[in-house]
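Sequential numbering from 1 along the given sequence is applied to the chain's residues. Worth knowing before you read on, the calculation uses all heavy atoms, side chains too, and leaves out hydrogens, waters and symmetry mates.
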Amino acid sequence: MFRVTSLTAMSDRQLDRWIKRVAVLALIALVAFVGFYVVDRYRDPGPTMVDRNILALEETVRADPADLVSRGQLADLYASADRYEEALTQYSAIIDSGQDLELAHFGRAKAYLELGELDAAAADYQVVVDIAKDGEMAHIDPMLNAAYFGLGSIALEQGRFDDAATHLEAATRIKRADADAWYLLGTALVGADRPAEAVEALQQAVAFVPFGWAEPYVAMAQAFGDLGQADRAEWANAMADLSAGKPDEAQARLLTITEGEVALDAAIGLGLVSESLGDTASAADWYAKALAIDPENVAALLGMGRVTEAPLATPLPELPEPGEVEGGEG
């Protein structure tokens, strides 16, 4: 065994060897400590809250298969856990009982949709529509709105553009502020070669979500192009660029259309571009040009207020009700 009584009595070679041995021992001790700490602290988290609820409901349903409330809750939990096949089994059992049909068909439709079974999903959505469309509260029924939306999105995905438009128009009649439904409706109308109607629907979509959403502007550009309105198509493409985080491209497009019938929209767009680039002085100049064209333009007034932090000299006009923005009803 190697022993020394004084470090000063060691040769350089012995000292180097001793230091290496101490380092190895320290490393072994560190690894052992870390391992002990991990083992001591680790606890199996066990099943999640959702898993525990599923297990409890499974037991309840096994004990009482006629308990449709628990069966419906179990189906919903299966769906929330992406266990769609099991959700289908539970929804189908409820439907076979002849009770709670609207909720069960709606839940099963969503499960079928997640599994990519579009025809089966559409069939269930149609049942929901048939049950709810003549109800006293049909005009504000959120489940009916969602069923029409589901039918429209499926028809759109399948290339049945006129059918999609019919369903999505019904969805927007129930929920006027449904920007997604207006967007899909506009897309369907573009596909159905109905560009003027498409523009109206897409204008509704961007009225509710004017910034940060490029897709409606892209569809609108196509619709304007189909109508032979090149400057408006360029404006829509510029707004799509701005919404997609490409202000330089948007600015270049807008600067080519600052004269003529789209001068107002172009000026407002350039104000927004300048704002996004942090150039408030330039933004104020563009909003001033927009207000010279239309002193009561809401977007220009709001933009000027943002960049000048000054009270508005002209009161804002009343905002239009949903469905009454430029373009009318979709």
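Separating the CD atom in Q204 from the CG atom in L202 is a distance of 10.0 Å, to the nearest 0.5 Å. Of the inter-residue distances, the one linking F149 atom CZ with K175 atom NZ reads 9.5 Å to the nearest 0.5 angstrom. With values rounded to the nearest 0.5 angstrom, E114 atom CD is found 15.5 Å from R83 atom CZ. To the nearest 0.5 angstrom, E136 atom CD is 12.0 Å from D141 atom CG. Atoms CG and CG, from L277 and L242 in turn, are 8.5 Å apart once rounded to the nearest 0.5 Å. Rounding to the nearest 0.5 Å gives a distance of 11.5 Å between CG of L270 and CG of D279.
Contact annotation: the side chain of Y91 never approaches that of R71 to less than 4.5 Å [non-hydrogen atoms, C-beta and beyond]. Between Y148 and L168 there is no side-chain heavy-atom pair separated by less than 4.5 Å. Inter-residue side-chain proximity for W213 and Y183 is flagged as met; some heavy-atom pair is nearer than 4.5 Å. Residues P195 and V190 have side chains not in contact (no heavy-atom distance under 4.5 Å, counting atoms from C-beta outward). Within the 4.5 Å cutoff, side-chain heavy atoms of L184 are placed close to those of S153. A 4.5 Å side-chain heavy-atom check between N237 and Y217 finds every atom pair outside the cut-off. Here the side chains of L68 and S97 are in contact, with some heavy-atom distance below 4.5 Å. L101 places none of its side-chain heavy atoms less than 4.5 Å from the side chain of V127.
Note on L55: it does not cluster hydrophobically with L74, by side-chain heavy-atom contacts below 4.5 Å among ILVMFWY residues. The cluster map of Ile, Leu, Val, Met, Phe, Trp and Tyr, joined by side-chain heavy atoms under 4.5 Å apart, puts F208 and I174 in different clusters. Hydrophobic clustering (side-chain heavy atoms under 4.5 Å, transitive across Ile, Leu, Val, Met, Phe, Trp, Tyr) keeps L115 apart from F106. Under the 4.5 Å side-chain contact rule for hydrophobic residues, L264 and L301 share a cluster.
Among residues at least two apart or in separate chains, salt bridge (charged side-chain N to carboxylate O under 4.0 Å, His left out) pairs with a member in residues 151-168 are R160-D163, D162-R194.
When every heavy atom of N297 is checked against every heavy atom of A299, the shortest pair comes out as OD1-N, 3.1 Å. Of all heavy-atom pairs spanning A79 and A87, the tightest one is N-CB, 3.9 Å. In this structure, V50 and A81 approach most closely via the heavy-atom pair CG1-CB, 4.4 Å. Scanning all heavy atoms of the two residues, the minimum distance from V128 to E102 falls at CG2-O, 3.7 Å. Closest heavy-atom contact between V262 and I257: CG2-O, 3.6 Å. Here the closest heavy-atom approach between residue I95 and residue A104 is recorded as CG1-CB, 3.6 Å.
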Which pairs of donor and acceptor atoms, one on a side chain in residues 245-252, lie under 3.5 Å apart (sequence neighbours left out)?
none

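Tested against M239 for a side-chain contact (heavy atoms from CB on, under 4.5 Å), the candidates V273, L272, V218 yield a single pass: L272. Just one residue in the list I54, T60, V61 forms a side-chain contact (heavy atoms from CB on, under 4.5 Å) with E58, and that residue is I54.
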Check the pair L185, E197 against side chain to side chain contact (heavy atoms under 4.5 Å, CB included), reporting the backbone distance first and the verdict last.
CA-CA 9 Å; L185 174 57; E197 296 170 80; over 6 Å; no
Would you check, one step at a time, whether the test side chain to side chain contact (heavy atoms under 4.5 Å, CB included) holds for Q203 with M220?
CA-CA 8 Å; Q203 285 175 331; M220 197 185 299; 4.2 Å; yes
List the steps and the verdict of side chain to side chain contact (heavy atoms under 4.5 Å, CB included) for L88 and Y112.
CA-CA 8 Å; L88 288 176; Y112 274 132; 3.7 Å; yes
Decide yes or no on side chain to side chain contact (heavy atoms under 4.5 Å, CB included) for D51 and M49, but give the supporting numbers first.
CA-CA 5 Å; D51 290 334; M49 180 64 73; over 6 Å; no
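Remark: the backbone N or O of E169 is paired with a side-chain donor or acceptor of T172 at under 3.5 angstrom. Although no hydrogens or angles enter the test, the distance criterion places a donor-acceptor pair under 3.5 Å between the side chain of T256 and the main chain of R253. Checking side-chain atoms of T258 against main-chain N and O of L254 turns up no donor-acceptor pair under 3.5 Å. At least one donor-acceptor pair closer than 3.5 Å links the side chain of W182 to the backbone N or O of R176. Judged by distance alone, with hydrogens and angles left aside, the side-chain atoms of N145 form a donor-acceptor pair with the main-chain N or O of A171 at under 3.5 Å.
Applying the salt bridge (charged side-chain N to carboxylate O under 4.0 Å, His left out) criterion to E59, with sequence neighbours excluded, gives R62. Residues satisfying the side chain to side chain contact (heavy atoms under 4.5 Å, CB included) criterion with A283, sequence neighbours excluded, are S274, E275, Y287, V307. Here L113 pairs with L118, A121, Y125, I154 under the side chain to side chain contact (heavy atoms under 4.5 Å, CB included) rule; sequence neighbours left out. Taking E117 as the reference, nothing meets the salt bridge (charged side-chain N to carboxylate O under 4.0 Å, His left out) condition, with sequence neighbours excluded.
Between D265 and R232, at least one side-chain N (NZ, or NE/NH1/NH2) sits under 4.0 Å from a carboxylate O, which counts as a salt bridge.
If you check the side chains of D76 and Y78, you find no donor sitting under 3.5 Å from an acceptor.
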